[in-house]
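Small disclaimer: the values here were computed from a predicted structure and weren't measured. Order of appearance sets the numbers: ligands from 1, and atoms from 1 within every ligand. Only heavy atoms go into these numbers, but all of them, side chains included; no hydrogens, no water, no symmetry mates.
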Amino acid sequence: MIEMFHVYKSYVEGIDVLMDVNLHVSKGEFVFLTGVSGAGKTTLLRLMNCTERATSGQVLIRRRNVARLTSSSIPYLRRNIGVVYQDFKLIRRRSVFDNVALALEVLGTPRAEVQRRVMDVLRSVGLQHKYLQYPPTLSGGEQQRVAIARAIVNDPAILLADEPTGNLDPDMTIEILKLLMDINNRGTTVLVATHDRSIIERLRFRTLVLEKGRIYH
Ligand SMILES: Nc1ncnc2c1ncn2[C@@H]1O[C@H](COP(=O)(O)OP(=O)(O)OP(=O)(O)O)[C@@H](O)[C@H]1O
Ligand SMILES: [Mg+2]
């Protein structure tokens, strides 16, 4: 599902953020990515999401070499990938419904289908009753659930979560992790970047460790 071969990434010439990264995440896996601040976790996710390009080496998403994609075909690849961030990145002045609906509307999804799928996905994260509220009126855990709903409404093959519980208390953290595991159980490949050792130790999924830009399995 996600493969990297000898991937190097530098933002500034001469400073490698990632060095000779090799990894393979299979379809349906749940994998943690960990490492101290600055180790390169977000950078690795950005390469998978095609928001950054590798300086050298190969990044394959569903067997496709992303370096060979034309800029017009990148949006098609991105449809296979949902992304969740630490700070939710919701649109404050749009309702919960609209925040999720937007992800379908940009694809030209018919109105009736948008209505149905948005309400279905909000139900799956337990927030159907809050669809008319605005993000600032929700708790952090609720906002993250909306962000997750937005990331999966399009039924992506891959879900990338970058410190999804970084702003949440321990109870909310557990709730969000359960939700990510539910999503994984329905067949989505899930990759979660976190530096929270307690989460990793509790759940015991395969963990990729980044240390000074190198991966340790
Ligand atoms: N756009 C950029 N331009 C220059 N350097 C960058 C850029 N983005 C990241 N870096 C550098 O790359 C290194 C890795 O950053 P990255 O954000 O991938 O780490 P991280 O593991 O996600 O850290 P954190 O746990 O703090 O989120 C850091 O040294 C950072 O300063
Ligand atoms: Mg990061």
Side-chain angles (χ1 to χ4, degrees), residues 1-25 29-61 66-67 69 71 74-75 77-78 81-90 140-141 143-148 150-152 156 158-170 172-174 176-177 179-180 183-184 188-217:
M1 189 57 80
I2 307 170
E3 291 163 288
M4 292 195 179
F5 298 100
H6 306 295
V7 167
Y8 287 75
K9 172 68 184 175
S10 58
Y11 294 101
V12 181
E13 206 171 325
I15 304 174
D16 286 329
V17 173
L18 297 176
M19 275 173 278
D20 196 24
V21 167
N22 296 281
L23 61 83
H24 183 132
V25 177
E29 253 196 301
F30 190 118
V31 177
F32 283 122
L33 174 64
T34 191
V36 298
S37 182
K41 303 181 294 295
T42 297
T43 300
L44 198 65
L45 295 183
R46 283 194 193 132
L47 295 181
M48 294 173 180
N49 186 27
C50 306
T51 48
E52 284 287 345
R53 285 194 171 221
T55 308
S56 66
Q58 292 189 322
V59 178
L60 276 68
I61 304 293
V66 302
L69 296 175
S71 49
I74 287 176
L77 181 89
R78 288 222 188 104
I81 305 173
V83 187
V84 175
Y85 306 92
Q86 177 172 353
D87 60 354
F88 324 132
K89 298 202 193 298
L90 297 173
Q143 289 185 56
Q144 193 58 299
R145 276 146 65 196
V146 175
I148 290 171
R150 177 182 59 185
I152 63 170
I158 300 168
L159 181 63
L160 304 176
D162 194 355
E163 302 280 1
T165 60
N167 284 339
L168 305 178
D169 67 32
M172 279 298 166
T173 293
I174 290 170
I176 292 299
L177 286 166
L179 189 53
L180 295 174
I183 292 165
N184 176 246
T188 305
T189 305
V190 176
L191 188 68
V192 178
T194 179
H195 52 238
D196 187 342
R197 295 297 315 176
S198 68
I199 292 176
I200 292 171
E201 278 156 26
R202 179 161 348 124
L203 296 181
R204 299 189 171 280
F205 289 113
R206 183 158 75 96
T207 303
L208 304 171
V209 183
L210 261 177
E211 214 177 292
K212 299 201 181 91
R214 291 180 189 274
I215 285 269
Y216 295 85
H217 293 265

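Scanning all protein heavy atoms for the shortest distance to atom 4 (C) of ligand 1 gives Y11 CB, 3.3 Å. With respect to atom 28 (C) of ligand 1, the closest heavy atom belonging to the protein is G38 O, 3.9 Å. At the shortest separation from atom 12 (O) of ligand 1 among protein heavy atoms lies V17 CG2, 3.3 Å. For atom 19 (O) of ligand 1, the closest non-hydrogen atom on the protein side is G40 N, 3.3 Å.
With 3.5 Å as the limit, one finds a donor-acceptor pair spanning the side chains of Y11 and T43. H6 and Q58 are not linked by any side-chain donor-acceptor pair at a separation below 3.5 angstrom, with hydrogens and angles left out of the test.
By the 4.0 Å heavy-atom criterion, V36 is counted among the residues contacting ligand 1. For Q86, the heavy-atom gap to ligand 1 stays at 4.0 angstrom or more.
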Discussion item. Does T194 form a side-chain hydrogen bond (donor to acceptor under 3.5 Å, both in side chains) with D196? I'd like the steps, not just the answer.
Written reply: CA-CA 5 Å; T194 179; D196 187 342; 5.1 Å; no
Item to complete: Assess whether side chain to side chain contact (heavy atoms under 4.5 Å, CB included) is satisfied between I148 and V146, documenting all intermediate values.
Response: CA-CA 5 Å; I148 290 171; V146 175; over 6 Å; no
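Between A39 and ligand 1, at least one pair of N/O atoms sits closer than 3.5 Å. Ligand 1 has no nitrogen or oxygen under 3.5 angstrom from a nitrogen or oxygen of E52.
Screening L44, D20, V7, L18 for a side chain to side chain contact (heavy atoms under 4.5 Å, CB included) with I215, the sole residue that qualifies is L44.
If you check each of L47, T43, T34, D162 against atom 15 (O) of ligand 1, the one with the closest non-hydrogen atom is T43.
A distance of 13.0 Å separates CE in M172 from CG in N167, rounded to the nearest 0.5 Å. The structure places CD1 of I199 at 12.0 Å from CZ of F205, a figure rounded to the nearest 0.5 Å.
Heavy atoms from both the backbone and the side chain of T42 come within less than 4.0 Å of ligand 1.
Heavy-atom contacts of H195 reach the following atoms of ligand 1: 25 (O) (cutoff under 4.0 Å).
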